Amino acid sequence: MNFTEGLNEAQIQAVTANAGPVLILAGAGSGKTKTLTHRIAYLIGNKNIWPNQILAVTFTNKAAKEMRERLAGLLNQANTRGFMPWMGTFHGICVRLLRQDGHAIGIAANFVIYDEDDRQGLIKQAMKSVGITDSNIKPKSVSGMISTAKNEMIGPDEFAQTATYPFQQSVAKIYHEYERMRREAGALDFDDLLLETVRLFREVDDVRRKWQRQFVHILIDEYQDTNAAQYAIVKQLVGPERNICVVGDDWQSIYSWRGADFKNILNFERDFPGALVVKLEQNYRSTGAILEAAHNVITKNVQRTDKKLWTAEGAGSPVQVHELYDEAEEARLVASRISSQVAIGARQPDDYAVLYRTNAQSYIMERALLQARVPYQIVGGVRFYDRKEIKDIIAYLRLIYQPNDRMSFSRIANVPGRGVGSTSLERFMIWQSRTGMDIIEALVRVQEADGLTPRAKNSLGKLGEILDGFRVLDREPSQIIEELLERIGYLNYLRDGTPQAEDREENVSSLVSDAKTFAALPEFLEEVALMTSADEAKGQPSVTLMTLHAAKGLEYPVVFMVGLEEGIFPHSRIHDAGPSELEEERRLCYVGMTRAREELHISYAASRLQFGQRGYNPPSRFIADMGNAVAAVEQQSDQYMDDFPEAVAYDINDRVRSAQFGTGTIVDIDGLAVTVLFDSGQSKKLNVEYARLERA
DNA sequence: CGGTTGCACTTTTTT
DNA sequence: AGTGCAACCG
């Protein structure tokens, strides 16, 4: 079979490279994923490598999914788990390895995965447990420090040895207790997934050799963003044949704050001597003007390799820079441009992406797009699986799966409310840990406990009966959830009369339908835990809103980068850090710019509301860095302001008509919310942005 | 025990 | 401006 059709020379070289180490230095838009996919197809189709002998590591689950689909197409095969290579993120692969072989180092197969919320919750408990009440020590920063330590593979004991300041010594104590409690709960946090895999390979030679033999070929995408633990896993997995192929671009390394080290890619030739190095420098994505502007920005960095991307296509239109009065005007500019282009049929909503530095900036964009009636979706921010109602259900499921998971239990012990307050909960927990029973067992036998009120005993006992009934996991996840909802009366609990109740119910039912695609509970829980914000499915064609980080690996015909102001981007938090942090911000800018195919719009606002206060930031230095490839665009304020008359142009006593409620009189105005006393007698508080009111 | 109120804090970026 | 939580009250 021919897997080199439609590829350029460098790509063909990378695809057909023989055994041994291969380093692919792939610039933005140079067909990196395509090359990687074709190489895998080539190995399977032409080199008689079995799919399951191939390990392909991607940066997100979404990237893995896309690669699977493309591979299935190339090989004309059904996209089934049985046929496909091992594909996934480092975290996902590690979960599979640890479920199978973790017992060799004392990890139960039914471990649960703690996310950032769980970790901070457990840190709070650990702080209480070791008696640290200092309000200067915040769980969030402790979490960050533990994560940094783990990514550098520093355990609690080693951490304690190097702790000199009292603050560090306190963190060391917390770290130690956190680890103890985490083990007791049968849980691993995100960092543990990597760390414990390293330990597994290090301590159990047989297991390491088994997987080394299994993975005849290892391919790793986004290699510039690997951290120390991931690097260690790679080194341990690569066998004597050294069939390792890595792809990456040091210019696009944007995760050093998470322990990633782009020196891993720069040192690849040292680590694997004799490696074939292939450079992909032809860009197939962006216009010449966009590439030039991006190049001008990135070359201001000192720490970087040298390369020059080129395109066979024309220059296209220049990058447009827009100066606006404030953040609301900036958002309206974006919304009005999109809606007018969509209105004349020139573009579809999903041709557009709006990129910003921080999640907080999404809010104002949302409002403007809502007002302009442009459909949009947010990637990241509050993930679906981070919603309260979803986390509640997941906590129940986790507790059923791992009955030692105290974090999950304390979350749901009184949800829905069953008269078990913090005092009862604490007493129960103390008694439970003394007896040595797991939580569900202890709940069932709670009548034997001392120091609990009869009322608490009865509620906890009832909860125990329900949970105990699910112990045998012989049903499909969706059935388990549906029955659980029924037995704990969760939907009734959600129906609290607030306007959000309906959304929450809807979320719960989408959770049930999500669960339908899984045959067993463990797989479902794993998916939920490792789900990236970028992985969430999208519905109708819509504008994508996301952070610059989340945009990595994606491309759009038109990209708006908003908030290019000093203090926002580059972010103020990096100024006291150092030059290397500024260089990372600049790489982030490069990543954002190179997402654009045809049009790139950069905007900044002279004034912006931050922390509820108005601030005035000068334009980002990155704009000056872009040089001559950009054109400043004069804004005629009234030109687009006309499209968006002031939202609240109403007064008290104005008569309005609503399609839903009929005519009425405005009796109160609170920001964008108007209270209308309708002629029917009912009064409603409506948001003028959503409710289509018209004057009567 | 559960609800409400007021205060403090927030904004990097995420597996 | 919005949120989470701690301290209060019923």
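Note that the coordinates shown come from a computational prediction; the quantities given were computed from them, not determined experimentally. Per chain, numbering begins at 1; letters A, B, ... match sequence-line order.
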### Message
Under 4.0 Å, counting only non-hydrogen atoms across every strand here, what does A:K552 touch: a base, just sugar-phosphate, or nothing?
### Response
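The answer is nothing, as A:K552 stays clear of every strand by at least 4.0 Å.
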In whole Å, what is the span from the [atom1] atom of [X] to the [atom2] atom of [N]?
| X | N | atom1 | atom2 | value |
| --- | --- | --- | --- | --- |
| A:E585 | B:dT11 | CD | C1' | 12 Å |
| A:K150 | B:dT14 | NZ | C1' | 16 Å |
| A:E327 | B:dT11 | CD | C1' | 14 Å |
| A:E222 | B:dT13 | CD | P | 20 Å |
| A:E581 | B:dT13 | CD | P | 16 Å |
| A:R587 | B:dT13 | CZ | P | 18 Å |
| A:Q613 | C:dG2 | CD | C1' | 15 Å |
| A:L194 | B:dT14 | CG | C1' | 13 Å |

The side chain of [X] lies closest to which of these nucleotides: [options]?
| X | options | result |
| --- | --- | --- |
| A:A360 | B:dC1, B:dT11, B:dT14 | B:dT11 |
| A:H571 | C:dC5, B:dT10, B:dT11 | B:dT11 |
| A:A550 | C:dC5, B:dT14, B:dT11 | B:dT14 |

Phosphate-side-chain proximity, [X] and [N], N/O vs OP1/OP2 below 4.0 Å:
| X | N | result |
| --- | --- | --- |
| A:N359 | B:dT10 | no |
| A:Y363 | C:dA1 | no |
| A:S424 | B:dC1 | yes |
| A:K140 | B:dT14 | no |
| A:N414 | B:dC1 | no |

#### Entry: Backbone of A:D189 reached by a side-chain donor or acceptor of A:D192 within 3.5 Å
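Between the backbone of A:D189 and the side chain of A:D192 there is a qualifying donor-acceptor contact (under 3.5 Å).
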Practice problem: Answer yes or no as to whether B:dT11 has its base stacked against A:F611, where stacking requires a ring-centre separation under 5.5 angstrom and planes under 30 degrees apart. | Solution: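 By the stated criterion, A:F611 and B:dT11 stack.
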For A:Y493 and A:Y490, I'd like to know if the aromatic rings sit close, meaning centre-to-centre distance below 6.0 Å.
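Yes, close enough.
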- prompt: Does A:F90 have its ring centroid less than 6.0 Å away from the ring centroid of A:F190?
  reply: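 Not under 6.0 Å, so no.
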* 5'-most by nearest nucleotide on DNA chain B - A:R418 or A:I568 ->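 Between the two, 5'-proximity favours A:R418.
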5'-most by nearest nucleotide on DNA chain B - A:G612 or A:Y255 =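 Looking at the nearest nucleotide for each, A:G612 comes out on the 5' side.
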Are A:D326 and A:R608 close enough that some pair of their side-chain heavy atoms sits under 4.5 Å apart?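 A side-chain contact under 4.5 Å is absent here.
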Q. If every non-hydrogen atom of A:S143 is compared with every non-hydrogen atom of A:R119, which pair is closest and at what distance?
A.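 Reported closest heavy-atom pair: OG-CD, 3.0 Å.
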